[in-house]
Amino acid sequence: MSSGMGKVVCVTGASGYIASWLVKLLLHRGYTVRATVRDTADPKKTLHLQALDGAKDRLHLFKASLLEEGSFDAAVAGCDCVFHTASPFYHNVKDPKAELLDPAVNGTLNVLRSCKKASIKRVIITSSMAAVAYNGKPRTPDVVVDETWFSSAEVCEKNEQWYVLSKTLAEEAAWKFANDNGFEIVTINPAMVIGPLLQPTLNTSAEAILKFINGSSSTYPNFSFGWVNVKDVALSHILAYEVPSANGRYCMVERVAHHSEIVKIIHEMYPNFPVPDSVQMTHHLSLSTRYRRTR
């Protein structure tokens with residue numbers, strides 16, 4: 001693989017789950033990667049990246065903060081493409097605005113402003129199915145969710161879905177900025193991302209699986225999710241840059257499965273794990289949504 005030979009790209013929030021895989025695959029393809037992290041002195045953020053094949057010669061770490069305007073200027077200057085993955089994702093939020101909304105929205109705009117200054121031709125943004133599917137429309141088995149759907153900020157706010165709201169507002173802000181500034185962006189909208197971890201800390205989507213195998217829960221939620229492998233999501237970012245016709249939004253959903261199906265798969269693969277054996281009756285959202293790209 002040498003499609004990236006001689007090309008310099010930037011990955012924001014590079015220590016994250018999807019971003020770490022993105023850095024790994026970019027290095028494997030021969031790219032020189034500028035990786036931004038909040039703290040270059042924190043080994044939890046950097047050691048796993050520095051250990052990747054090709055990192056010694058072609059990985060450069062930059063310190064940058066989502067909330068600090070101009071802090072991405074140095075990292076993106078002279079790049080062929082920027083992959084903006086940095087955005088907080090966790091539950092149990094005390095202050096949604098400070099913890100999720102501001103970093104997601106203002107962070108995205110800060111990165112795009114830096115890209116505009118540097119005349120970057122194409123920016124690939126990690127969005128989410130969270131920014132697609134939450135609009136109050138029914139999601140029964142006959143309904144197809146595609147990239148023409150946008151989540152509704154009002155619906156998210158009403159239901160206090162703060163992470164979903166943060167991704168919805170961030171993507172909205174990105175498209176507005178792109179349209180206002182004649183800018184080319186492509187968004188990647190993955191469902192629940194699972195698969196091997198490169199980083200040493202547990203991320204929120206992988207934690208959902210851990211809860212099924214460590215005995216911490218005797219029940220599972222009564223609803224279906226879209227699921228996708230982290231390697232496929234990372235590769236989709238690269239293809240969104242490398243394939244000239246790539247445009248708009250891409251829903252990344254390998255399959256939709258009810259939590260009962262996930263638990264069953266885990267139990268069949270690992271019979272000794274203490275998987276939950278009953279459904280949580282508090283949720284009644286059993287969705288069997290199909291996703292597809294229409295064009």
Check: Can you check whether H84 reaches L66 side chain to side chain, under 4.5 Å on heavy atoms?
Finding: yes
Next item on the list: Return each pair, listed once, that meets salt bridge (Lys or Arg N to Asp or Glu O under 4.0 Å) where at least one residue sits in residues 72-86; pairs must be two or more places apart or across chains.
Entry: D73-K117
Next item on the list: Determine whether more than 12 heavy atoms belonging to other residues, nucleotides or ligands lie under 6.0 Å from atom NZ of K137.
Entry: yes
Check: Is the backbone of F223 close enough, under 3.5 Å, to the side chain of H259 for a donor and an acceptor to pair up by distance?
Finding: yes
Notebook entry, point to check: Hey, would you say the Y220 and F212 ring centroids sit under 6.0 Å apart?
Noted result: no
Check: Would F62 end up clustered with I120 when hydrophobic side chains under 4.5 Å apart are linked, directly or stepwise?
Finding: no
Check: Should the pair R139 and Y134 be classed as cation-pi, given the thresholds of under 6.0 Å to the six-membered ring centre and 45° from the axis?
Finding: yes
Check: Looking at side-chain heavy atoms only, is the closest gap between P196 and K231 below 4.5 Å?
Finding: yes
Notebook entry, point to check: Do S15 side-chain atoms and V37 backbone N/O form a donor-acceptor pair below 3.5 Å?
Noted result: no
Note to self: Treating K7 as the side-chain partner and G30 as the backbone partner, does any N or O pair qualify as donor plus acceptor under 3.5 Å?
What the structure shows: no
Next item on the list: For the pair F273 and Y270, name the ring-plane relationship: parallel under 30°, tilted 30 to 60°, perpendicular over 60°.
Entry: parallel
Margin query: Is the shortest side-chain heavy-atom distance between L26 and R58 below 4.5 Å?
Written below: no
Next item on the list: Answer yes if the side chains of S127 and E171 hold a donor-acceptor pair under 3.5 Å, and no otherwise.
Entry: yes
Check: Does the D42 side chain pair with the main chain of K44, one donor and one acceptor, at a distance under 3.5 Å?
Finding: yes
Note to self: Checking the side chain of S114 only, and the main-chain atoms of G70 only, is there a donor and an acceptor separated by less than 3.5 Å?
What the structure shows: no
Check: Is the shortest distance from a Lys or Arg side-chain nitrogen in R255 or E261 to a carboxylate oxygen in the other one below 4.0 Å?
Finding: yes
Check: Okay, side chain of Y250, backbone of N247: is any donor-acceptor separation there less than 3.5 Å?
Finding: yes
Next item on the list: Taking atom CZ of R113 as the centre, report whether more than 12 heavy atoms of other residues, nucleotides or ligands fall under 6.0 Å from it.
Entry: yes
Notebook entry, point to check: Judged by atom type as modelled, is there a donor-acceptor pair below 3.5 Å linking the side chain of Y17 to the main-chain atoms of G195?
Noted result: yes
Next item on the list: Please indicate whether D53 has more than 12 foreign heavy atoms, meaning atoms of other residues, nucleotides or ligands, lying under 6.0 Å from its CG.
Entry: no
Next item on the list: Verify whether one side chain among S152 and E154 offers a donor that lies under 3.5 Å from an acceptor in the other.
Entry: yes
Check: Can you check whether A133's main-chain N or O pairs, donor with acceptor, with S151's side chain at less than 3.5 Å?
Finding: yes
Check: Taking only residues at least two apart or on different chains, which pairs with a member in residues 176-185 satisfy salt bridge (Lys or Arg N to Asp or Glu O under 4.0 Å)?
Finding: R122-E184, K176-D180
Note to self: Rounded at 0.5 Å granularity, tell me how far CG in N181 sits from CG in N179.
What the structure shows: 9.5 Å
Checklist line | With K63 via side-chain contact (heavy atoms from CB on, under 4.5 Å) - residues at least two apart | finding: T40
Next item on the list: Classify the angle between the aromatic ring planes of F83 and H237 as parallel (below 30°), tilted (30 to 60°) or perpendicular (above 60°).
Entry: tilted
